[in-house]
Protein chains: 2
Amino acid sequence: MAKPTDTRTRILAVARELFAQQGVRETSLREIADRLGITKPALYYHFASREDLVRSIVEPMMDDIERFVAGRERHDGAEPAAAHDPRELLGDYFELAWRHRDVLVMVVRELPVLATLEVGDRFSSWRRRLILLLLGPDPAVAARIGATVALGGLSDCAVEYAHLPPEEVKGPAVEAAAAALGFPRP
Amino acid sequence: MAKPTDTRTRILAVARELFAQQGVRETSLREIADRLGITKPALYYHFASREDLVRSIVEPMMDDIERFVAGRERHDGAEPAAAHDPRELLGDYFELAWRHRDVLVMVVRELPVLATLEVGDRFSSWRRRLILLLLGPDPAVAARIGATVALGGLSDCAVEYAHLPPEEVKGPAVEAAAAALGFPRP
DNA sequence: GTCTATAATCGGATAGAC
DNA sequence: GTCTATCCGATTATAGAC
């Protein structure tokens with residue numbers, strides 16, 4: 001039953017590649033269709049609109065991050081515990097960013113284009129909640145700034161060193177992030 | 001001699017604001033003209049083309065960064081000394097990013113749109129040279145990763161905490177970056 | 001599922017009057 | 001310096017045949 005990759009999947013793959021290379025708004029449906037050797041109307045058979053295509057690419061990552069954050073928060077309404085081991089949380093966060101690094105580049109570089117999907121607000125929310133998990137409630141400004149350096153720096157690494165094997169990147173990246181957070185190397 | 005702000009300056013201000021808010025490619029000349037109460041052809045009296053307008057906004061920042069990096073490199077062809085105090089260099093770098101934080105957001109989010117200005121290549125070059133200044137020639141991968149966290153995190157802070165007074169942000173941000181680099185708090 | 005043909009819209013840019 | 005009017009190209013999207 002080796003389906004030779006159906007058209008919908010091939011469209012998604014080509015779109016992902018072009019969006020990452022030249023930007024979302026800078027890629028037209030014509031360009032995607034040409035690359036695949038089909039025509040524009042054929043795209044509309046598989047996706048209701050241009051926005052539907054974009055959403056189909058972005059949403060799996062968004063859902064994955066939402067699960068990541070929500071799964072580590074308390075659900076009983078009690079105060080969120082800062083009981084998370086920083087290195088473990090940062091390591092898991094690195095692997096998450098790494099898994100989605102292609103779409104991640106696209107998203108962080110194009111928040112304005114993706115405004116209709118409210119990507120910016122959701123990212124802010126996740127970062128706020130992650131800082132809460134790392135530092136506990138009401139952290140001082142200085143600690144929050146350290147956390148911003150740590151989390152922002154980790155995402156940058158997933159993008160910057162995408163050509164290296166992840167095992168080689170993860171360790172040093174997590175150590176640097178932990179140090180920025182105020183947990184220096186043992 | 002209180003010139004009531006000439007039109008060219010007003011155009012640049014409105015364009016900067018709209019570009020930062022909704023993206024470069026997502027802002028049309030019509031939108032800029034409407035906001036100013038003039039028409040599109042009037043824009044063309046002040047700028048030769050759309051690209052000329054974008055360039056006029058981005059270039060001052062680019063020149064400033066180039067001067068920053070070049071001014072700290074050795075010019076005699078000798079090996080680049082790693083003799084820079086990390087906290088001093090990081091602090092100056094923070095202030096640079098802070099000064100240009102509005103245009104900075106626009107640029108890092110829209111590398112694809114600005115491809116014709118070769119913004120991406122120039123940014124890569126600056127980061128590479130800064131890492132050289134911080135770590136000396138041929139740094140190990142782990143050290144480079146720490147530097148990526150440090151420099152990336154600093155830029156993020158200039159954007160993320162743009163609403164706070166810079167004196168409040170700079171200290172903690174530089175300390176976090178230095179720790180990520182491997183120079184822990186004394 | 002994919003095509004041809006086409007509608008409707010919007011973008012950047014120019015000519016020429018005032 | 002700013003306007004009206006206009007051109008040209010490209011884009012999203014749809015209708016209808018195969």
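Letters A, B, ... mirror the listed sequences (proteins, then strands); counts begin at 1.
The phosphate of D:dG1 (OP1 or OP2) has a side-chain N or O of B:Tyr45 nearer than 4.0 angstrom. At D:dT11, one or more side-chain N or O atoms of A:Ser28 fall inside 4.0 Å of OP1 or OP2 (strictly under the cut-off). At the phosphate of C:dA13, OP1 or OP2 sits under 4.0 Å from a side-chain N or O atom of B:Tyr44. Listed pair B:Thr7 / D:dG1 fails the phosphate criterion, with no side-chain N or O lying under 4.0 Å from OP1 or OP2.
For A:Leu43 and D:dT14, the CG to P distance is 13 Å, given to the nearest whole Å. Distance CG (B:Leu29) to P (C:dC10): 15 Å, rounded to an integer number of Å. Here the P atom of nucleotide D:dG1 and the CG atom of B:Leu36 are 15 Å apart, to the nearest Å. The distance from atom NZ of B:Lys40 to atom P of C:dA13 is 10 Å, rounded to the nearest whole Å. Here C:dG11 presents its P atom at 10 Å from CG of B:Asp34, a figure rounded to the nearest Å.
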Checklist entry - Taking it one step at a time, do A:Tyr44 and A:Ser49 satisfy side-chain hydrogen bond (donor to acceptor under 3.5 Å, both in side chains)? => result CA-CA 7 Å; A:Tyr44 278 88; A:Ser49 67; over 6 Å; no
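Note that B:Arg72 lies in the cation-pi zone of B:Phe68, set by a 6.0 Å cut-off to the ring centre and a 45° limit from the axis.
The nucleotide whose nearest atom lies closest to any side-chain atom of A:Ala42 is, among C:dT2, D:dA13, D:dT2, C:dT2.
For B:Asp63, the CG atom sits in a packed shell: over 12 heavy atoms of surrounding residues, nucleotides or ligands are nearer than 6.0 Å.
Residue contacts shown for B:Thr39 include a base, since a base heavy atom lies under 4.0 Å away.
Using cut-offs of 30° and 60° for the angle between ring planes, the A:Trp126 and A:Phe123 rings count as perpendicular.
In terms of position on DNA chain D, the residue among A:Pro41 and A:Arg30 whose nearest nucleotide sits closer to the 5' end is A:Arg30.
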